[in-house]
Amino acid sequence: MVSSGRLGRAAAIGGAILATLVFLFPVIYMVGISFKLPRDIFTVPPRWFSELTFDNYTSYFHQARILPRMVNTVIVAAGSAIVSMVAGAMAGYALTRMRMRGAGVMAGVILASRAVPPIALVVPMFLVARRLGLTDQYITVILAYVTFLVPYVVWLMRAFFRSLPKELEEAAMLDGCGRFGAFFRIIVPCSLPGLISTMIYCIILAWEELLFALILTNDKAVTIPVAIAGIAADTENGGLWGPLAAVGVLTVLPVVIFALVVQKYLVKGLADGATKG
Amino acid sequence: MSAVRTPSSRARAAGPARGSGGPLRRRGLRLGEPGTAWVFLTPAIVLLAGMLLYPIIYTVWVSLSDFDLSTFQPGDWVGLKNYETVINDPGFLESLKVTGIYLVIALPVQLVLGFAIAFLLNVEWRGRGVLRALFLIPMVVAPVVAGGVWRMLLDPLWGVVNYALGLVGVGPVEWIGDPTLAMVSLIVIDSWRWTPFVVLVASAGIMALPSDVYEAAKSDGASRWQTLRHVTVPLLVPVIAAAFIVRWLGAVKMFDIALAATKGGPGQATDVVNLYIYEKGFRGLEFGSASSMATIVLVITMIITYFLFRLSRYLENRW
Amino acid sequence: MRRYLRLAATAAVFSLTVTACGSSGGDDAPAADGGGLGTAQNPVAIRVLANDAFAKQWQDQLVPEFTKKYPNIKVTVDGVPYNDQLAKSMLELTGPTATYDVVLGDDPWMPQLAKTGGLVDLKTDLAKFTDASYEWDDINSAALAAGEWDGHQYGVPVRSNLLLMFYNRSLYKKAKVDEPTAETTWEQYFTDAAKLVQDTTGDGKTDSWAVGTYFTKDPLTPTIWQTVLNSDGGKLLDENLKVQFDNETGVKALQTQVDMLKYAPPGAATYQFNEPLEAFRQGKVATMFMWGSVYKGTAIDTATTTLKEDEVGVTTLPAGSAGPGAHRGIWTAGVAKKSTHQAAAWTFLQWMTSKEGEQWVGANLGTFPARDSTLNGTPPTPWLKPVYDAISAGYDAIAKGQMWRPRLPESDAVQQILALQTSRAVSGQATAQEAIHQAATDISALLKSKGYPQ
């Protein structure tokens, strides 16, 4: 924050590191499990280190077809995030900054569409997809995800647009930009932190979604969460916690890397620069 | 354009846009004619209506008929029979109560914690970006894995948490076996999972704050606390409200982590309503009652969402 | 512009809705030759909807073996996670055309799957495609019954399993208690259990307990006391599907499971499948009531267990007044009615469940057999001998006491009710008597609403 004393700053950094460690503790534990032999996972008392093994990473990598399913997950998550971001951000902008009758009602309806319990949606969606011959295809899963991502995007972006100074687009429009020009050239760049954060959230939600992926896919479009649920559901031979933890680690990595890469767009001052300019 | 604005003048400047209709005056600008607004809204509306209309009609229809398992279509019309069954089902009512308790505790905890951590993460230093990225991880871990790892951590026999408590002479504590503690555990696990979302949104909100306001506050000699209370929080109200509402809608539908961590037990101690519906529908194949419950939950959620929506607009306008 | 957009949106929505409604495709009669078995030029392809736990194993090992014999039948196996498999299978079976030719069901699912009308009777409908050497009678009757409903044989057992009692010989020895046998009664078991909660290291702290099994809120948890009920001669539902367990036998059975918790490790109230298994494999509990299929990972595979082969004993559950207990958990596979390749699908299942196929499956995949000839023959590896003996004894108990979950399309709904009430009793939210009574009331109401006389 602004005007931090040296001490306050150190305390805040210390607090941030501590909070991160607390939140990451279960994850660190998961990474630990992923390198253990099955017999060493449930030791009494708990042991941190034991015989190291990479079997958990190799054994199920092929069996659960991790690689193709990872590709599927990337396609579905990216596709649904992009479609939702475009549709949602435009709608959020219209609801925040444009003159229209019933903007409030519309915003409410879009939001309320998210209130439908997922279990009520998945069966009819499957029936429609089957009718149209679209089961087990990316487009079906992407569209299903878009329905639950769009309301979130609309709402989050509405809030971020709202905190942008009005003068921004006024200036742009006075300069001869149309509505679209003002939106894409001025508003979007200025709300980049909000857009990126919302997009990360969309990707994460699509990344870990299970129920829809499970029902709407059979083989070609199966995503990682379905593969994980499959490993977890082995109630024949014994819990497969090693492989589960390993696949858990593997699925987390791409998202963390993605987040690290886009961090550089999460910089402060874009809106500042624009208003001052 | 003026470089220094006070929050109140900003709020006033943004004021007119909030009206939900009616002719709005704007200073000498032909701000988008309503037609443009509809063009901006069309993709979202087409997507939502196209994907949701049939499922919602189907669900309501199934809730009013005898479900035909041989076609997965609604069968004979039975009127409100399914609703009668559901209203008289103590399990359903109990699950609504459980959901209420969970929401009332978990949401404020996640919101406060999330914004607090976002402020801590806002201090500029080199490791900040890494911490922000790492903070996303709890959201990404698949629920079934997260639930399993937490079960291991909390187990009285081999769990690390009880082991640590044992070192200071406490326990073993039945974190998941005891009805009350099971709810506490569920809230802890859910907050672990979703506080990062609040951190993510709050960080973006804090970052988007115009620094000129702070310069103004600083030159006015405002203390840190005064700045937070009178400048930062009022400016963040839209983001706080949006984070709350998005989290609320996510939390209402939560069932995966409850299924993985506690299975809704012991008894019905952590049986949130969407888990109850899921088990009725997908395990018990009672699609008629499941649809009635889904419809009831939809209506309740819409009513509460409406009030939250009103509340958030009231708060946004107050500051 | 705006009007056109709105029009387009409406049209899109409408077309979706319309196409989605009018379901129920044409009842295409399958070809007389059942799609044939394919030729080298024109191979046939069949698709199997299986459980994720073994789908990949089948695809990688079982299918190539089958293809050696039937090179013109191409088999694809898809896996689904257990929790959603029933709903997914039903959705697939009700389609206008069959995506899947072979559908698998866990023990209590065959009535639900059959009720969709999407399965064929293997014995009659597919008789013309049945190999003359396929011996139906050799399949153990208790196992075969898992694929039967309403007088039709909709499925054949492809992965047999049953609830057995595992015990740790070292812990029994340390507690100076005689090992359990098929004759051990529940009374004797509890007397022993008190002694099996022990301090094995001599540091004054209890570090080993008597029992690990399901206690959490899960449809499989009640199978423990359902077994006790059956071995006391009691039944959940009578011949006319009327609730029959709201009595002393029922309460005693549930109380037996609740009492086990006293001799179980701390935290046992949350035990599902995984925890009791790990507690047993770590040598922390002396007995475990668990599915037989875990034997290899518990006694043989050193990567998963700390126990040695000669430390692990396996037998039927303690005896009630009517004899020892066990509980059936058999996966059966059926053929989809709308499949256009029924002959090939049934050929695949026949091969797998034939004497020859079962031998191969037992030796290479470690799956338990359902044929008496396999069970009584020489097991593929020596360590399977005690397991096959226990399974044989278990099948006898199962057949005698009808030890399986209810056979009706509502069986999962019934099991859900039992799961909830069992959990209430285990966690002390209700007494065994209250829980039994509530379960009986709820099940009775459920069955009544489905049109069964109550």
Side-chain angles (χ1 to χ4, degrees), chain A residues 2 9 12-13 15-16 19-20 26-27 30 42 44-46 87 90-91 94 97-104 108 112-117 119-121 124 146-147 150 152 155-156 159 162-163 166-167 179 193-194 197 204 208 225 228-229 232 244 248 252 255-256 259-260 263 268 272 276, chain B residues 1 3 13-14 17 20-21 24 32 34 36-37 40-41 43-44 47-48 51-52 55 58-59 117 120-121 123 125 129 131 133-134 136-137 139-142 144-145 149 157-158 160 163 200-201 204 207-208 210-211 214 218 238-239 242 246 249 274 277-278 281 294 297-298 301-302 305 309:
Chain A
V2 185
R9 187 182 138 86
I13 293 175
T20 314
V27 180
M30 177 177 87
F42 289 86
V44 185
M90 283 170 66
R97 284 292 160 86
M98 287 192 186
R99 196 173 79 185
M100 65 176 287
R101 272 187 178 283
S113 70
R114 196 60 215 106
V116 190
I119 195 76
L121 292 178
V146 164
T147 58
V150 162
Y152 289 156
W155 268 74
L156 291 173
R162 192 172 268 261
S163 55
K166 188 123 250 148
E167 294 83 349
R179 234 339 142 170
S197 304
I204 288 173
E208 53 105 42
I228 290 180
L244 265 178
V252 163
V255 178
V256 176
L260 277 173
Q263 282 293 335
K268 187 174 167 58
D272 283 352
K276 279 173 188 163
Chain B
M1 211 170 296
S20 64
L24 295 177
T36 324
F40 270 77
L41 276 170
L47 282 169
L48 288 178
M51 292 300 292
L52 290 175
Y58 172 94
T59 302
I117 293 171
L120 290 180
L121 282 175
V123 176
W125 63 291
L131 288 195
L134 290 176
L136 300 173
I137 296 179
M139 279 193 281
V140 192
V141 180
V144 55
V145 179
V149 169
L157 192 55
W158 49 68
V160 176
Y163 179 72
L200 177 75
V201 174
M207 246 186 269
S211 49
Y214 287 107
K218 204 177 170 186
V239 175
V246 167
L249 283 172
N274 261 287
I277 299 178
Y278 169 78
V297 170
L298 172 62
T301 316
M302 283 173 79
T305 307
F309 177 50

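Note on naming: letters A, B, ... go to the chains in the order of the sequence lines (proteins, then strands), and numbering restarts at 1 for each one.
Minimum heavy-atom separation, Phe40(B) to Ala94(A): CB-CB, 3.6 Å. Nearest approach of Ala159(A) to Pro238(B), heavy atoms of both residues: CB-O, 3.4 Å. Residues Val140(B) and Glu208(A) come closest through the heavy atom pair O-CB, 4.2 Å. The minimum heavy-atom distance linking Val123(B) with Ala12(A) is given by the pair CG2-CB, 3.4 Å. Contact record, Pro26(A) with Val149(B): O-CG1, 3.6 Å, taken as the closest heavy-atom pair. Between Ala16(A) and Leu121(B), the shortest heavy-atom distance links the atoms CB-CD2, 3.9 Å.
Most heavy-atom pairs under 4.5 Å with chain B: of the set Gly15(A), Ala19(A), Gly248(A), this distinction falls to Ala19(A). For the options Val246(B), Leu136(B), Val145(B), Val144(B), heavy-atom pairs under 4.5 Å to chain A are most numerous at Val246(B). Between chain A and the options Leu249(B), Ile117(B), Thr59(B), the largest number of non-hydrogen pairs under 4.5 Å is found for Leu249(B). With chain A as the partner, the residue from Ile137(B), Ile277(B), Val201(B) showing the most heavy-atom pairs under 4.5 Å is Ile137(B). The greatest number of non-hydrogen atom pairs below 4.5 Å with chain A, out of Val297(B), Thr305(B), Leu134(B), is found for Leu134(B). Counting heavy-atom pairs under 4.5 Å between each of Gly281(B), Pro43(B), Gly129(B) and chain A puts Gly129(B) at the top.
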Checklist entry - Step by step, would you call Val141(B) with Met30(A) a side chain to side chain contact (heavy atoms under 4.5 Å, CB included)? => result CA-CA 10 Å; Val141(B) 180; Met30(A) 177 177 87; 3.9 Å; yes

Next on the checklist: One pair to check against side chain to side chain contact (heavy atoms under 4.5 Å, CB included): Ser197(A) and Leu200(B). What are the steps and the verdict?
Outcome noted: CA-CA 6 Å; Ser197(A) 304; Leu200(B) 177 75; 3.9 Å; yes

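Taking the side-chain hydrogen bond (donor to acceptor under 3.5 Å, both in side chains) definition, one finds that Thr301(B) meets it with nothing, sequence neighbours left out. Judged as a side-chain contact (heavy atoms from CB on, under 4.5 Å), and not counting sequence neighbours, the contacts of Val116(A) are Ala120(A), Leu121(A), Ile56(B), Leu298(B).
Of the atoms belonging to Tyr278(B), heavy atoms from both backbone and side chain fall under 4.5 Å from chain A. Residue Pro225(A): no heavy atom, backbone or side chain, is found under 4.5 Å from chain B.
From Ser113(A), atom OG reaches atom CG of Leu48(B) across 4.5 Å, with rounding to the nearest 0.5 Å. Of the inter-residue distances, the one linking Leu131(B) atom CG with Thr20(A) atom OG1 reads 4.0 Å to the nearest 0.5 angstrom.
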